[in-house]
Amino acid sequence: MPELPEVETIVRNLSQGGTSIVGRRILAARLLWPRGLETPSPTEFEQRIVAQVITAVSRRGKFALFHLTSDTLLVHLRMSGDLFSEPTTLPVGRHHRLILDLEGELRLAFVDPRKFGRIWLVADPATVLRKLGPEPLAADFSPQIFQQRLRQSRRQLKPLLLDQCFIAGLGNIYTDEALHLAKIHPQRIAATVSEAEAERLLRAIRQVLSEGIRRSGTSIDWVYRGGDFQNHLRVYQRTGQPCPECGAPVQRISLGQRGTHFCPQCQSMGNSP
DNA sequence: CACGAGACCTGTTCGC
DNA sequence: TGCGAACAGGTCTCGT
């Protein structure tokens with residue numbers, strides 16, 4: 001579920017409205033799946049986080065950041081994670097992995113059926129985020145910088161765009177969508193992308209991410225999030241269905257062990273394989 | 001350096 | 001109906 005637009009939606013929901021967790025003190029921590037904790041030890045985690053106040057919630061790439069009085073709690077949702085606030089009175093679900101009991105009969109719940117999600121509690125978030133690439137929606141990330149980074153790599157575009165060191169926040173859905181919108185083949189070698197194509201690709205990345213955020217993310221399968229971008233997908237999980245641009249059947253291949261969807265007509269390899 | 005396979009996990013859907 | 005295989009929004013590690 002969680003790529004940049006889904007994490008952004010989650011962070012906004014946690015910061016706004018009557019169930020906002022911002023400004024609330026943490027009364028207790030319940031670590032229900034200790035292996036999801038990267039650092040520190042479970043004992044230190046519970047001791048250290050209690051009594052801290054959540055001063056803000058933010059996002060970097062696919063990480064959710066909870067800024068506390070003296071530390072930062074980072075959560076990565078991986079494949080199936082979700083974060084939300086809920087009344088303390090509700091029963092604890094089967095897939096709850098971390099619960100932070102807050103002031104005001106509210107709690108922050110980290111729910112993750114597949115247990116891939118990870119948690120860090122650190123003094124300096126940079127220790128966790130150090131290797132992340134540029135934020136695709138940041139104003140200072142220019143097409144020139146993007147193309148210069150593309151030029152430095154001989155990798156195929158699809159796996160490269162999924163690499164969080166290259167660019168932060170893209171996942172399988174939005175990468176396929178962006179490549180289709182830009183009309184570029186997922187197997188194009190990054191360094192062969194022209195200046196015009198690089199500009200088109202960055203614009204496409206920003207467009208699909210922005211629309212994803214505007215639609216509160218993509219809800220597929222049983223991992224429901226409340227977004228509706230799934231009703232506006234062009235190629236993702238539409239194998240065999242007509243391309244919205246030209247009508248040719250959408251093709252599915254496997255790249256780097258990830259299902260990759262594209263239109264062989266619109267996204268041809270052209271002359272540069 | 002780039003790529004593929006395997007690992008980490010649970011749940012759903014598909015084909016026979 | 002049952003049952004195994006394939007597949008799923010991610011990322012790390014290892015071997016070639």
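Just so it is clear: chains get the letters A, B, ... in the order the sequence lines come, proteins before strands, and each one is counted from 1. Keep in mind it's a predicted model, so treat the numbers as computed, not measured. Computed from heavy atoms alone, side chains included, the values below leave out hydrogens, waters and symmetry copies.
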Inset, instruction - Please determine, for the side chain of A/R35, which listed nucleotide (B/dC9, C/dA8, B/dC3) has the closest atom? - result: B/dC9
Legend entry - Crowding at CD, A/Q265 (>12 non-hydrogen neighbours, <6.0 Å): no
Inset, instruction - Let me know the distance between NZ of A/K115 and C1' of B/dT10, rounded to the nearest Å. - result: 8 Å
Legend entry - Proximal nucleotide (of C/dG10, B/dG11, B/dA2) relative to the A/S153 side chain: B/dA2
Legend entry - Electrostatic pair A/E6:A/K62 at N-O distance under 4.0 angstrom: no
Legend entry - Interatomic distance where CG belongs to A/D112 and P belongs to B/dC8 [whole Å]: 16 Å
Inset, instruction - Considering just the side-chain nitrogens and oxygens of A/R252, establish if one lies under 4.0 Å of OP1 or OP2 belonging to C/dA8. - result: yes
Inset, instruction - For A/R94, report the nucleic acid contact type (base, sugar-phosphate, nothing); a contact means any heavy atom under 4.0 Å. - result: sugar-phosphate
Inset, instruction - Using whole Å, report how far NZ of A/K158 lies from P of B/dG4. - result: 12 Å
Legend entry - Nearest-angstrom distance from the residue atom CD of A/Q237 to P of C/dA6: 17 Å
Legend entry - Inter-nucleotide P distance (C/dG10, B/dC1), Å rounded: 25 Å
Legend entry - Gap between atoms CG and P, on A/D221 and C/dG10 respectively (whole Å): 13 Å
Inset, instruction - For A/N172, answer base if it contacts any base atom (sugar-phosphate contacts may also be present), sugar-phosphate if it contacts only those atoms, and nothing otherwise; contact means non-hydrogen atoms under 4.0 Å. - result: sugar-phosphate
Inset, instruction - Kindly give the heavy-atom pair with the smallest separation between A/P34 and A/L31, and that separation in Å. - result: CA-CG, 4.0 Å
Legend entry - Inter-nucleotide P distance (C/dG4, B/dC9), Å rounded: 22 Å
Inset, instruction - Report which part of the nucleic acid A/F229 touches: base, sugar-phosphate, or nothing (heavy-atom distance under 4.0 Å, all strands). - result: nothing
Inset, instruction - Check every strand shown and say whether A/T175 touches a base, only sugar-phosphate, or nothing at a heavy-atom separation below 4.0 Å. - result: nothing
Inset, instruction - Tell me which nucleotide among C/dA8, B/dA2, B/dC9 gets nearest to the side chain of A/F116. - result: B/dC9
Inset, instruction - Identify the two heavy atoms, one from A/K158 and one from A/T175, that lie closest to each other, and give their separation to 0.1 Å. - result: CD-CG2, 3.6 Å
Legend entry - OP1 or OP2 of B/dC9 under 4.0 Å from side-chain N/O of A/H95: no
Legend entry - Side chains of A/Y174 and A/L4 in contact at under 4.5 Å (non-hydrogen atoms): no
Legend entry - Between B/dA7 and C/dA5 - P atom distance, rounded Å: 15 Å
Legend entry - Secondary-structure stems, DNA chain C, at least 3 Watson-Crick or G-U base pairs under 3.5 Å: B:2-8 with C:10-16, B:10-16 with C:2-8
Inset, instruction - Please figure out whether A/R118 or A/Q257 has its closest DNA chain B nucleotide nearer the 5' end. - result: A/Q257
Inset, instruction - State, with a plain yes or no, whether a side-chain heavy atom of A/D101 is found less than 4.5 Å away from one of A/R30. - result: yes
Inset, instruction - Measure the CD1-CZ distance between A/I21 and A/R24 for me, rounded to the nearest 0.5 Å. - result: 9.0 Å
Legend entry - Reported CG-to-CZ distance for the pair A/L201 and A/R206, which is rounded to 0.5 angstrom: 11.0 Å
Legend entry - Other residues, nucleotides, ligands: >12 heavy atoms within 6.0 Å of A/R154 CZ: no
Atom pairs, N/O to N/O, protein against nucleotides 11-13 of chain C, distance under 3.5 Å?
unit_1 : atom_1 : unit_2 : atom_2 : d
C/dT11 : OP1    : A/H76  : NE2    : 2.8
C/dT11 : OP2    : A/K62  : NZ     : 2.8
C/dT11 : OP2    : A/Q164 : NE2    : 3.4

Which pairs of donor and acceptor atoms, one on a side chain in residues 240-256 of chain A, lie under 3.5 Å apart (sequence neighbours left out)?
unit_1 : atom_1 : unit_2 : atom_2 : d
A/Q241 : OE1    : A/R238 : NH1    : 3.3
A/E245 : OE2    : A/R234 : NH2    : 2.9

Legend entry - Length of the CH2-C1' vector between A/W33 and B/dT10, whole Å: 11 Å
Legend entry - Minimal non-hydrogen separation, A/S85 against A/T19, with atom names: OG-O, 2.9 Å
Legend entry - Atom-pair distance (CG on A/D176; P on C/dA8), nearest Å: 10 Å
Inset, instruction - Rounded to the nearest angstrom, tell me the gap between atom CD1 in A/I173 and atom C1' in C/dC7. - result: 14 Å
Legend entry - Rounded P spacing from B/dG11 to C/dT1 in Å: 22 Å
